[in-house]
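The structure appears right after this line, and notes come after that.
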Amino acid sequence: MAFDGITIANLVYEFKNKILQCHISKIAQPEKDELILTLKGSETHRLFLCADPTLPLVYLTSENKDNPLTAPNFCMLLRKYFNGARIIDINQPGLERAIDFTIEHNDEFFDKQIKHLIIEIMGKHSNIILCDKDYTIIDAVKRIPSFVSSVREVLPGRHYFLPNTENKLNPLETDKEAFFEAIHKPVPLYKAIYSSFTGISPLIANEICKRAIIESESAISLDDTQLEVLYQAFSNLIKEIKNNAYSPAIYKNEDGFFDYSVLLLSDKANYEVTEYESVSTLLENFYKAKNLNTKIKQKSTDLRKLIGNLLERETKKLELQLASQKDTEKRDTFKLYGELLSVYAYNLETGLKKAVVNNYYTNEDITIPLDEQLTPLENVKRYYDKYAKLKRTHEALIEQIKTTKEAKEELELLRFSLEIARTEEDLNEIKEELIANGFVKKQIIAGKQNKKNQVKKKTNSFLHFKTKDGTDIYVGKNNLQNEELTLKFAKGNDWWFHAKKMPGSHVICINNTQNSEMPDEIYEICGSLAAYYSTGNQAPKTEVDYLQKKHIKKPQGSALGFVIYHENYSLMAVPKSPEALGLTEI
């Protein structure tokens, strides 16, 4: 899934065909590291630029985003220069992961001026930089001072240059001798290729080896003939790039694993291939879910920390309670001591440190420690008092341990719910559950939130999948959704699935048949989903309970999402993702 230099090359080729000479009619900055430029020519396009360190992207998009009420400073700067400006050139330096948009605009005297808007797709070093005609930096989405990077400052007034800290070669300009010298390394062959040339990802490096039909561990062990074949495969791939012979497609194997490439892969027979005419459409579809997931993870950071701290607290509390419960195991011994002493007290004198008496339950002698400052009857009372205290403690701990275990399970489910959260609404539901269960006070977690920024609650926001034969399957993403899904949404004959004795999602399979039974394949799919959406999703197999919804009961006053059942079936399911099960998400 590498957003490599070859993908950038395909994008530049597409941009030149679609947005070159287009005018910039609107500039928006919906997030601190994102830009959307609305471009008008013969058609209207939206250019999406993102310098997020976890998922930097650039492509043409059909979607728009809501903008903040007050535009950020960088956005205002771009509007100052670029409203009505025209894109007159688009270039990629070498095969680097960067695009240089040359933009012509009128200054305040209506004289033509040139600016460069450069996006660098380089992981945590990604940036969007505005430069003048001579590449003097005007400003950037992320200013980088010298104490942050010793390689290059990105500050107003500094000269812009593209860093080349890895000393890689430009594959578009590499001859045979340079190629042989570059890959002559004691590392796996594919690694020698992608670590020696800019813009080549491990996926493409592997593709070069496959085209050459070479599986050698390193280039050092190759003979002259193999080196020639390898270079020919490399050279042919570079020709495809130079000739713009791109074939953007998403590749999916039988395990549900996705990857994409803008060049045709030689082993596509092993994949389900979805081809695209536009690389932008491919990237938008491919990264849409991943981008959303990344944003949600960022927005849930505080929640993750809070739940983690609460879970750690409950775990320590449970350890202390279990240790205290173990200490109460002596209560029956103290009771026995008190009982035996009360029988033999008349034979004992004050001042003894111990008493050896017969235990009539076992007919064996037993030694009982005594407090020499107390009389025998006072020692009897002392042991009965100890017994009574430990008995009360034991009885209290039984309820406390039960409560702590339930709280711990609830927090584990909330932590799991964060992993499968898709929207801000899901995060808000998790917050509601934390408040409802008394883990935190409302003002602590909610704070003073602007009403305009609050997400309106939607109904039926659980996950919805369809099987190949059209069967509908629903999955709750948290306990609020689990409760709504099972108790309000599902009908009596629908089938309910849940991982046995562990936190997880409720899975409901809609039963539209006249009979109560469904095909065996559907039970297996639902079981695999219930296992996947549970804390047992890393196990080879997970036990899953299932039964019809009409047999599910909710005890009065029980926690959110808690249900009981007495008659159920069970199956051992292999946790599988919806993609691996061939399900379509609705």
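Keep in mind it's a predicted model, so treat the numbers as computed, not measured. Only heavy atoms go into these numbers, but all of them, side chains included; no hydrogens, no water, no symmetry mates.
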Query - Member of K168, K185, K191 meeting the side chain to side chain donor-acceptor pair (under 3.5 Å) criterion with S196 - result: K185

**Report entry** Any donor-acceptor N or O pair under 3.5 Å, side chains Q232, N236
**Finding:** yes

Query raised in the report: With R86, which residues qualify under salt bridge (Lys or Arg N to Asp or Glu O under 4.0 Å), at least two apart?
Result: E104

Report summary line: Applying side chain to side chain contact (heavy atoms under 4.5 Å, CB included) to D469 and not counting sequence neighbours gives T467, T471, I522

Report task. Please name all residues satisfying side-chain hydrogen bond (donor to acceptor under 3.5 Å, both in side chains) with E108, sequence neighbours left out, ordered by chain then number. Result -> none

Report task. Taking side-chain hydrogen bond (donor to acceptor under 3.5 Å, both in side chains) as the test, write out the residues that go with E63, two or more places apart. Result -> K288

**Report entry** Residues S247 and E275: side-chain donor-acceptor under 3.5 angstrom
**Finding:** no

Query raised in the report: So does R415 pair up with E419, basic N to acidic O under 4.0 Å?
Result: no

Report task. Could you tell me which residues satisfy salt bridge (Lys or Arg N to Asp or Glu O under 4.0 Å) with E483, sequence neighbours excluded, listed by chain and number? Result -> K554

Query raised in the report: If you round to the nearest 0.5 Å, how far is OG of S417 from CG of L427?
Result: 10.5 Å

**Report entry** With sequence neighbours excluded, residues passing salt bridge (Lys or Arg N to Asp or Glu O under 4.0 Å) with D472
**Finding:** K466

Query raised in the report: What pairs with S235 under side chain to side chain contact (heavy atoms under 4.5 Å, CB included), at least two apart in sequence or on another chain?
Result: Y231, K239

**Report entry** Smallest separation among heavy atoms of Y246 and I241, with atom names
**Finding:** OH-O, 3.3 Å

Query raised in the report: What orientation do Y474 and F462 show, parallel under 30°, tilted 30 to 60°, or perpendicular over 60°?
Result: perpendicular

Requested in this report: Apply side chain to side chain contact (heavy atoms under 4.5 Å, CB included) to F147 and list each qualifying residue two or more places apart in sequence or on a separate chain.
Outcome: P145

**Report entry** Main-chain N/O of S146 paired to S149 side chain as donor or acceptor, under 3.5 Å
**Finding:** no

Query raised in the report: Which pairs count as salt bridge (charged side-chain N to carboxylate O under 4.0 Å, His left out) when at least one residue sits in residues 135-156, sequence neighbours excluded?
Result: E120-R152, D139-R143, E153-R158

Report task. Go through the structure and list residues passing salt bridge (Lys or Arg N to Asp or Glu O under 4.0 Å) with E173, not counting sequence neighbours. Result -> none

Requested in this report: Kindly write out the residues that satisfy side chain to side chain contact (heavy atoms under 4.5 Å, CB included) with T535, not counting sequence neighbours, or none if the list is empty.
Outcome: F416, M502, P503

Query raised in the report: Would you call the rings of H116 and Y135 parallel, tilted or perpendicular, where under 30° means parallel and over 60° means perpendicular?
Result: parallel

Report task. May I ask you to check whether F234 and F197 place their ring centres under 6.0 Å from each other? Result -> yes

Would you give me the side-chain donor-acceptor pairs under 3.5 Å for residues 67-81, sequence neighbours excluded?
unit_1	atom_1	unit_2	atom_2	d
R79	NE	I27	O	3.0
R79	NH2	I27	O	2.9

Report task. Report yes or no: do T54 and D52 form a side-chain donor-acceptor pair below 3.5 Å? Result -> yes

Query raised in the report: Do you see a donor-acceptor pair shorter than 3.5 Å between the side chains of D426 and Q481?
Result: yes

Query - side chain to side chain donor-acceptor pair (under 3.5 Å) partner of S266, chosen from K210, E207, R211 - result: E207

